[in-house]
There are 4 protein chains.
Amino acid sequence: MWMNEHRAGPVRSAAAREAILDATARLFHTVGYENLTIEGVAREAGVGKQTIYRWWRSRGALIAECLTDGRLFPLEFDVPDTGDVLADVESWLDVILSVLEAPNGTALMRSLLAAAAEDRAVGDHLGASLGVNRFLAERLSVAVRDGQLAADAPVDQLGDAILGAIIFSSLGSDTAATAQGARDLVRYLLRPA
Amino acid sequence: MWMNEHRAGPVRSAAAREAILDATARLFHTVGYENLTIEGVAREAGVGKQTIYRWWRSRGALIAECLTDGRLFPLEFDVPDTGDVLADVESWLDVILSVLEAPNGTALMRSLLAAAAEDRAVGDHLGASLGVNRFLAERLSVAVRDGQLAADAPVDQLGDAILGAIIFSSLGSDTAATAQGARDLVRYLLRPA
Amino acid sequence: MWMNEHRAGPVRSAAAREAILDATARLFHTVGYENLTIEGVAREAGVGKQTIYRWWRSRGALIAECLTDGRLFPLEFDVPDTGDVLADVESWLDVILSVLEAPNGTALMRSLLAAAAEDRAVGDHLGASLGVNRFLAERLSVAVRDGQLAADAPVDQLGDAILGAIIFSSLGSDTAATAQGARDLVRYLLRPA
Amino acid sequence: MWMNEHRAGPVRSAAAREAILDATARLFHTVGYENLTIEGVAREAGVGKQTIYRWWRSRGALIAECLTDGRLFPLEFDVPDTGDVLADVESWLDVILSVLEAPNGTALMRSLLAAAAEDRAVGDHLGASLGVNRFLAERLSVAVRDGQLAADAPVDQLGDAILGAIIFSSLGSDTAATAQGARDLVRYLLRPA
DNA sequence: TCCTAATCGAGACGGTACGTCTTGTCTTGTT
DNA sequence: AACAAGACAAGACGTACCGTCTCGATTAGGA
């Protein structure tokens with residue numbers, strides 16, 4: 001990675017930060033989490049190793065920041081509220097599954113999971129990044145208010161369950177089965193009462 | 001790990017196999033998956049590195065065999081069928097949560113997940129080991145037959161969802177929230193129609 | 001090292017110069033030449049690295065200036081001329097050997113030599129600082145004039161030889177042998193004809 | 001450096017040892033002691049760093065072994081005894097000076113001295129390698145027995161003095177002056193009584 | 001009974017990456 | 001313009017493991 005303008009100094013270099021996060025995201029997709037090394041990032045970013053260690057305490061912190069910056073998912077998980085829970089959640093699901101069904105999508109998911117399992121900071125931000133908290137649980141709450149879902153439905157847990165099923169399933173089975181299973185699950189959980 | 005009788009010869013040494021798997025399981029609990037090294041296992045088991053590489057192709061294969069042998073979970077996940085799905089699944093859930101709520105239980109879960117994410121072989125066996133396939137899906141099928149669950153309930157996916165919710169939740173939140181959330185989820189999903 | 005009054009400005013700061021040379025000399029004695037770093041000096045002197053690089057081109061230049069300023073040898077190598085060459089040179093020798101026989105004296109000598117070997121500027125000033133040129137050769141010249149030494153005696157070379165013997169010997173042997181050997185050598189070289 | 005036959009195993013690889021010492025000697029002449037790094041040696045020798053650290057505790061130990069193996073001085077310092085001390089020592093001196101007067105000879109001498117000053121092991125072997133102990137002192141002893149030198153002449157110290165004068169002089173002056181000075185010194189010290 | 005062949009513990013090998021340290025240059029804001 | 005502070009690219013440090021290999025000892029089963 002080339003840095004055209006070398007701006008060194010006692011204040012943090014924005015160019016270096018950008019190059020590092022960029023290289024991290026690129027390598028995360030290319031070689032996966034377990035083969036992503038700090039030295040590799042430094043090499044790819046055209047940056048000294050110490051510049052990475054100065055601002056991030058670990059490989060996980062690097063991934064976590066890429067996650068929050070949306071550098072690993074160039075997608076928009078927010079989906080409009082049409083009044084129909086099932087349809088809305090299925091829309092959201094389509095977006096999630098499009099990531100999974102993309103080339104190397106399964107590998108990407110496994111890498112994300114490996115990162116989340118090894119580093120608490122990554123785990124903390126993973127759910128948020130995938131839009132569970134931001135969208136899914138909120139949409140289900142509305143559905144409860146609208147009477148489309150039982151009043152005692154544990155909306156947070158249902159969100160975890162849907163995404164958890166996808167993740168767990170993608171650890172073992174093939175992608176197709178995972179995707180179909182997720183659709184069946186959502187259809188069952190959000191069927192009209 | 002000490003091997004009192006060193007028996008070299010043209011057939012596989014059962015003592016070495018035992019010592020290696022034993023050391024692997026011990027180190028998995030002690031230092032976690034990410035700090036578990038082949039050299040460390042060899043040292044702990046009092047075994048040459050080559051003896052490990054001869055019989056297992058990777059760190060993941062070692063973990064996978066420990067999983068299947070029940071060396072990482074000294075528990076019994078099978079629970080008797082009392083005729084009440086909710087009660088039975090809650091019994092299974094208690095067993096699962098007792099692992100999670102044990103000292104270092106969360107760390108153990110994260111390590112397992114890291115191993116599963118990095119190695120397909122581990123991922124393939126993880127569900128089975130936790131009793132999803134063996135018990136949960138089967139019990140839910142019986143519930144469908146008994147009319148306790150809707151006829152179109154996707155039992156495999158419900159199993160994935162329950163375990164997935166636990167796993168996903170344990171990546172970020174604290175243990176207590178995970179456990180309570182899992183109980184709420186199960187109670188909601190299996191509530192009498 | 002603390003600088004109570006920080007005076008920055010368009011002229012060279014005498015306080016900074018002093019603090020830097022002081023810190024260099026202190027560290028030279030403390031950690032030796034090979035562990036003396038520019039960063040260490042800056043830290044110890046409470047000075048920015050650039051202030052060092054602005055005025056000295058290298059680590060060696062720093063040492064050389066300490067040498068010329070007499071900051072590494074707080075000693076007086078000049079010895080009065082009593083008319084007896086042997087006695088006078090033995091007096092000078094006592095001063096030199098008192099440095100060598102002091103605690104860490106050998107280490108100091110090795111550090112000096114390391115500095116001189118790595119940096120020409122240091123080497124150039126080492127002889128002068130130890131008083132070979134300033135005193136020894138001159139005193140021997142007088143002895144030639146007085147007839148105490150052969151007319152064709154190469155006085156510069158004899159000075160080099162005496163100091164060289166000490167230095168060379170202190171590289172390998174123990175201090176005691178070096179000191180006694182030096183005394184024997186001087187007694188032999190300057191014995192009455 | 002290529003190693004044609006890769007002979008790994010639980011016994012020390014002679015090929016690796018050879019390649020390492022060879023690379024060390026080559027780099028010592030090429031880049032000098034202060035720019036000689038372990039990584040550089042490993043790279044040049046086509047060897048893992050650990051293989052160096054396994055067998056030598058430091059950069060100095062590497063140099064010391066090269067010294068004793070005669071890899072830094074491909075010369076023969078022994079000179080026949082013709083019965084004439086002066087002539088014999090001048091022959092020895094010619095050999096020494098030919099090293100010094102060779103291209104980069106001064107740099108080589110400075111590097112040797114830097115190595116000796118920083119590492120005791122190197123210093124211990126330096127004198128022996130240059131033939132002071134092996135040849136010079138012994139030849140002077142014979143001269144004492146033959147009556148060519150005073151009976152009380154401290155032969156060891158005279159040896160140190162001659163070599164020390166060369167070394168010390170080569171730290172500051174130019175090569176020509178050093179060489180001529182050494183010849184004058186020897187002629188003076190060993191002049192017929 | 002000997003011989004062949006596979007296994008064992010041990011550990012050296014060429015490598016890669018770790019996280020730390022220092023180099024010499026550059027920049028910022030202060031005096 | 002000089003200063004203290006310190007970020008920057010570069011690269012060496014010494015350590016830990018990787019997966020492959022060699023070694024000499026050990027032990028089974030076929031000749």
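By convention in this document, chain letters (A, B, ...) are assigned in the order of the sequence lines, proteins followed by strands, and residues within each chain are numbered from 1.
Not one N or O on the side chain of A:Asp69 forms a donor-acceptor pair closer than 3.5 Å with the backbone of A:Arg71. Under a 3.5 Å cut-off, the side chain of D:His29 and the backbone N or O of D:Leu108 do not form any donor-acceptor pair. Looking only at distances, a side-chain donor or acceptor of B:Ser111 sits under 3.5 Å from a matching main-chain atom of B:Tyr33. In this structure, the side chain of C:Arg59 does not engage the main chain of C:Ile38 through any donor-acceptor pair within 3.5 Å. Side chain of C:Thr51 to backbone of C:Val47: no donor-acceptor contact under 3.5 angstrom is found. Side-chain N or O atoms of A:Arg110 include none that pairs as donor or acceptor with a backbone N or O of A:Gly105 at under 3.5 Å.
At least one side-chain heavy atom of D:Ile63 sits less than 4.5 Å from a side-chain heavy atom of D:Leu36.
The distance from atom CD1 of B:Ile20 to atom P of E:dA10 is 12 Å, rounded to the nearest whole Å. One interatomic measurement links the two molecules: CZ of D:Arg12 to C1' of F:dC23, which rounds to 17 Å at whole-angstrom precision.
Looking at C:Lys49, its side chain comes within 3.5 Å of the base of E:dG24 through a donor and an acceptor atom.
When the nearest nucleotides of DNA chain E are assigned to D:Gln50 and A:Gln50 by heavy-atom distance, the more 5′-ward of the two goes with D:Gln50. Comparing D:Gly40 and C:Ala42 by the nucleotide of DNA chain F that holds the closest heavy atom to each, the one mapping nearer the 5' end is C:Ala42.
Within residues 52-65 of chain B, the residues that have a heavy atom under 4.0 Å from DNA chain E are, in order of number, B:Arg54, B:Trp55. Within residues 30-39 of chain D, no residue approaches DNA chain E, by heavy-atom distance under 4.0 Å.
In this structure, CZ on C:Arg26 lies 9.0 Å from OG1 on C:Thr24, to the nearest 0.5 angstrom.
Between C:Arg17 and C:Glu65 there is a salt bridge, since a side-chain N of the basic residue sits under 4.0 Å from a carboxylate O of the acidic one. For A:Lys49 and A:Glu39, the salt-bridge test passes: some basic side-chain N is under 4.0 Å from an acidic carboxylate O.
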Pairs under 3.5 angstrom, nitrogen or oxygen only, protein versus nucleotides 28-31 of chain F, please.
none

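The local environment of CG in D:Asn35 is crowded, with over 12 non-hydrogen atoms from other residues, nucleotides or ligands closer than 6.0 Å.
When the nucleotides E:dG24, E:dC8, F:dC8 are ranked by their closest atom to the side chain of B:Ser13, E:dC8 comes out on top.
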